[in-house]
Amino acid sequence: MKYAGVCLLIAGVLFAVTSRWIGGSPESVAVAGTHYTVSVLPADRVEVRVTSGKAETVTLAAVMPSMGHALPPVGTVRADPGRFVAIQDVFTMDGVWELSITLSGDHGEETITVGLLV
């Protein structure tokens, strides 16, 4: 199971990098955890769509490993059922980030990590 998470992280980064080179605009990245599946749009205000499972709360925490940056968690507001938007900017600079998405809801709490190019 450990390798599945690493593979998902690498796939997310590669997808984001490829999308940026081809289209120039941020693309959503889908990632599945054990209990929830989400789609993440790394725009000015990160948007998370819960596509599997019913989350009541979503919190985001960003880390930029190459620079040693770890930012405090950011809350979200529910914009629509299953759609959450960050209450403030999540990323402080362009580059490759690891975004930890903590969801709480009908399947308990789970953290899903995805790699993003911002």
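Starting from 1, each residue takes its place in the sequence as its number. The basis for the numbers below is simple: all heavy atoms, side chains too, and nothing from hydrogens, waters or symmetry mates.
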Undergrad: Can you tell me how far CD1 of I101 sits from OG1 of T111, rounded to the nearest 0.5 angstrom?
TA: 9.5 Å
Undergrad: Can you name the ring-ring contact (aromatic ring centres under 6.0 Å, His included) partners of Y36, sequence neighbours left out?
TA: H107
Undergrad: With a cut-off of 3.5 Å and sequence neighbours excluded, list every side-chain donor-acceptor pair involving residues 71-82.
TA:
residue: T76; atom: OG1; partner: V58; partner atom: O; Å: 2.7
residue: R78; atom: NH2; partner: E56; partner atom: O; Å: 3.1
residue: R78; atom: NH2; partner: E56; partner atom: OE1; Å: 3.1
residue: D80; atom: OD2; partner: R83; partner atom: NH1; Å: 2.8

Undergrad: Is there a side-chain contact between V90 and W97 in this structure, where contact means two heavy atoms from C-beta onward sitting under 4.5 Å apart?
TA: no
Undergrad: Between T59 (side chain) and T102 (backbone), is there a donor-acceptor pair under 3.5 Å?
TA: no
Undergrad: If you measure from CG on L99 to CD1 on I112, what distance do you get to the nearest 0.5 Å?
TA: 10.5 Å
Undergrad: On a heavy-atom basis, which atom in L116 and which in P42 lie closest, and how many Å separate them?
TA: CD1-CB, 4.1 Å
Undergrad: Answer yes or no: is there a side-chain heavy-atom contact under 4.5 Å between F84 and L60?
TA: no
Undergrad: Is there a continuous path of hydrophobic side-chain contacts, each under 4.5 Å between heavy atoms, that joins M64 to V114?
TA: yes
Undergrad: Work out which heavy atom in P65 is nearest to a heavy atom in V63; give both atom names and the distance.
TA: CD-O, 3.3 Å
Undergrad: So which heavy atom on A55 is nearest to which on L103, and how close?
TA: CB-CD2, 3.9 Å
Undergrad: Restricting to non-hydrogen atoms, name the atom on H35 and the atom on E110 that form the minimum distance, rounded to 0.1 Å.
TA: N-OE1, 2.8 Å
Undergrad: If you take all heavy atoms of L41 and S28, which pair is closest and at what distance?
TA: CD1-N, 3.9 Å
Undergrad: Would you call R45 and E47 a salt bridge, taking side-chain N to carboxylate O under 4.0 Å as the test?
TA: no
